[in-house]
Trainee: 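Got a structure here, written out as structure tokens. Questions coming.
Here, residue 1 is the first one in the sequence, and each next residue gets the next number. Counting convention: from 1, in listed order, for ligands and their atoms alike. Atoms considered below: every heavy atom in the structure, side chains included; atoms not considered: hydrogens, waters and symmetry mates.
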Amino acid sequence: MTLVLASKSASRAAMLAAAGVAFEARPARVDERALEAQLGAAPPDQVALALAEAKALAVAEPERPVLGSDSLVVVGDRRFDKPASREEAAEHLRAFSGRVMHLHSAAAIARGGSVVWRETSLAMLHTRKFTEDFIQTYLNTEWPAVSHCVGVFRIEGPGVQLFDRIEGDQFTVLGMPLLAVLGALRDMGELPR
Ligand SMILES: Nc1nc2c(ncn2[C@@H]2O[C@H](COP(=O)(O)OP(=O)(O)OP(=O)(O)O)[C@@H](O)[C@H]2O)c(=O)[nH]1
């Protein structure tokens, strides 16, 4: 049965398409900020997982598998979501500068209204120390495109200039633990072994 991707994320859709997975994308109507507020001081991977599960469950689908996913960034003890303005994007970049960005990506698959699979993954992105001139020049070209990206970067574009080193798989950085998702789809008989 064709997978439903409960997401408006172009990056997540692109990953599945490139992997040759047949799917239908439907945005999940979830108030992510309200759910995050309810979760309070829960560990970041559990927050990302709860959001991924909420998205998978938010798309009503009686039979087909529904995949939800979420990514969030933690630097020090502060959690970051997607920037709401260019000014907020600049503030995020100042907070990231010279520090290690922990990027948590989670995915969950729901079937018949219940979550049947879940996974989280972590990438560690070591950022350079940015000058203010770099931040503004970078945002001159990357805003508003990066308004859709947690961490204020597109790794496949100029975002790569933010980092000295990256630990973790590229898919986690792009927004989803794709390798684990493909394994789950194989185990469910949705993909050939
Ligand atoms: N193109 C690109 N997108 C990225 C990158 N890193 C993170 N993202 C995107 O940042 C977004 C993280 O925000 P989320 O709240 O998890 O997802 P969303 O974009 O709101 O989409 P939903 O799945 O509908 O919630 C996702 O769309 C990720 O794919 C990157 O390096 N490149």
Trainee: Which heavy atom of the protein is the closest neighbour of atom 17 (O) of ligand 1, given with residue, atom name and distance?
Mentor: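 Ranking protein heavy atoms by distance from atom 17 (O) of ligand 1, first comes R12 NH1, 2.9 Å.
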Trainee: Among all protein non-hydrogen atoms, which one is nearest to atom 31 (O) of ligand 1, and what is the separation to 0.1 Å?
Mentor: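 Protein heavy atom at minimum distance: I155 N, 2.8 Å.
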Trainee: Heavy-atom count around R29 CZ within 6.0 Å, excluding the residue itself: above 12?
Mentor: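 Check fails, neighbour count at 12 or below.
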Trainee: Run the numbers for me: atoms of ligand 1, each under 4.0 Å from some heavy atom of E32, listed by number.
Mentor: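 Every atom of ligand 1 under 4.0 Å from some heavy atom of E32: 15 (O), 20 (O), 25 (O).
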Trainee: Students should be able to answer this: which protein heavy-atom is nearest to atom 7 (C) of ligand 1, and at what distance?
Mentor: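 I find the closest protein heavy atom is V173 O, 3.6 Å.
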Trainee: Which residue and non-hydrogen atom of the protein lie closest to atom 8 (N) of ligand 1, and at what distance in Å?
Mentor: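 Atom 8 (N) of ligand 1 sits closest to the protein heavy atom L174 O, 3.7 Å.
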Trainee: Considering only heavy atoms from C-beta outward, does the side chain of L93 approach that of F134 to under 4.5 Å?
Mentor: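 L93 does not reach F134 side chain to side chain.
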Trainee: Show your working on salt bridge (charged side-chain N to carboxylate O under 4.0 Å, His left out) between R111 and E190 and close with a plain yes or no.
Mentor: CA-CA 12 Å; R111 201 152 201 170; E190 297 297 326; 3.0 Å; yes
Trainee: What is the closest protein heavy atom to atom 27 (O) of ligand 1, and at what distance does it sit?
Mentor: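 Result for atom 27 (O) of ligand 1: S9 OG, 2.8 Å.
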Trainee: Are the aromatic rings of F80 and F96 close, with centres under 6.0 Å apart?
Mentor: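 Yes - the distance between ring centres of F80 and F96 falls below the 6.0 Å cut-off.
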Trainee: Which residue supplies the protein heavy atom nearest to atom 24 (O) of ligand 1, what is that atom called, and how far is it?
Mentor: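 Atom 24 (O) of ligand 1 sits closest to the protein heavy atom K8 N, 2.8 Å.
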Trainee: In ligand 1, which numbered atoms sit nearer than 4.0 Å to a non-hydrogen atom of D70?
Mentor: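 Result: 14 (P), 15 (O), 16 (O).
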Trainee: Taking only heavy atoms of K82 into account, list the atoms of ligand 1 that are under 4.0 Å away from them.
Mentor: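 Those atoms are 13 (O), 14 (P), 15 (O), 18 (P), 20 (O).
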Trainee: With heavy atoms of F153 as the reference, note each atom of ligand 1 found under 4.0 Å away.
Mentor: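 The list of qualifying atoms is 5 (C), 30 (C), 31 (O).
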Trainee: For atom 25 (O) of ligand 1, what is the closest protein heavy atom, and at what distance to 0.1 Å?
Mentor: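 The answer is K55 NZ, 2.6 Å.
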Trainee: Considering only Ile, Leu, Val, Met, Phe, Trp and Tyr, and joining two whenever side-chain heavy atoms are under 4.5 Å apart, list the other residues clustered with M124.
Mentor: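 Hydrophobic cluster check, M124: joined to V100, L122.
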Trainee: Which donor-acceptor pairs under 3.5 Å do side chains of residues 38-47 form with protein atoms, sequence neighbours excluded?
Mentor:
none

Trainee: Of all the atoms in ligand 1, which lie at a distance below 4.0 Å from a heavy atom belonging to S7?
Mentor: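 The atoms of ligand 1 under 4.0 Å from a heavy atom of S7 are 21 (O), 22 (P), 23 (O), 24 (O).
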Trainee: What is the closest protein heavy atom to atom 9 (C) of ligand 1, and at what distance does it sit?
Mentor: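 Heavy-atom neighbour on the protein nearest atom 9 (C) of ligand 1: H148 O, 3.7 Å.
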Trainee: Give the numbers and elements of all ligand 1 atoms closer than 4.0 Å to a heavy atom of E156.
Mentor: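 Taking each heavy atom of E156 in turn, ligand 1 has 1 (N), 2 (C), 30 (C), 31 (O), 32 (N) under 4.0 Å.
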Trainee: Check whether any side-chain heavy atom of L139 sits under 4.5 Å from a side-chain heavy atom of V152, and report yes or no.
Mentor: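 Side-chain contact under 4.5 Å: yes.
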Trainee: Within 45° of the ring axis of F171 and under 6.0 Å from its six-membered ring centre, is that where the NZ or CZ of R12 lies?
Mentor: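 No, R12 and F171 do not form such a contact.
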Trainee: So is C149 close enough to ligand 1, meaning a heavy atom under 4.0 angstrom away?
Mentor: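 Flag set, C149 near ligand 1.
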Trainee: With a 3.5 Å distance limit and no angle check, can you tell me whether S71 reaches the backbone of S105 through a side-chain donor-acceptor pair?
Mentor: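 Side chain of S71 to backbone of S105, a donor-acceptor pair under 3.5 Å: no, none is there.
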Trainee: Could you check if a side-chain atom of L162 sits within less than 4.5 angstrom of a side-chain atom of Y138, using non-hydrogen atoms only?
Mentor: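 Yes. Closest side-chain heavy atoms under 4.5 Å.
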Trainee: In terms of atom number and element, which parts of ligand 1 are under 4.0 angstrom from non-hydrogen atoms of S71?
Mentor: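 Close to S71: 16 (O).
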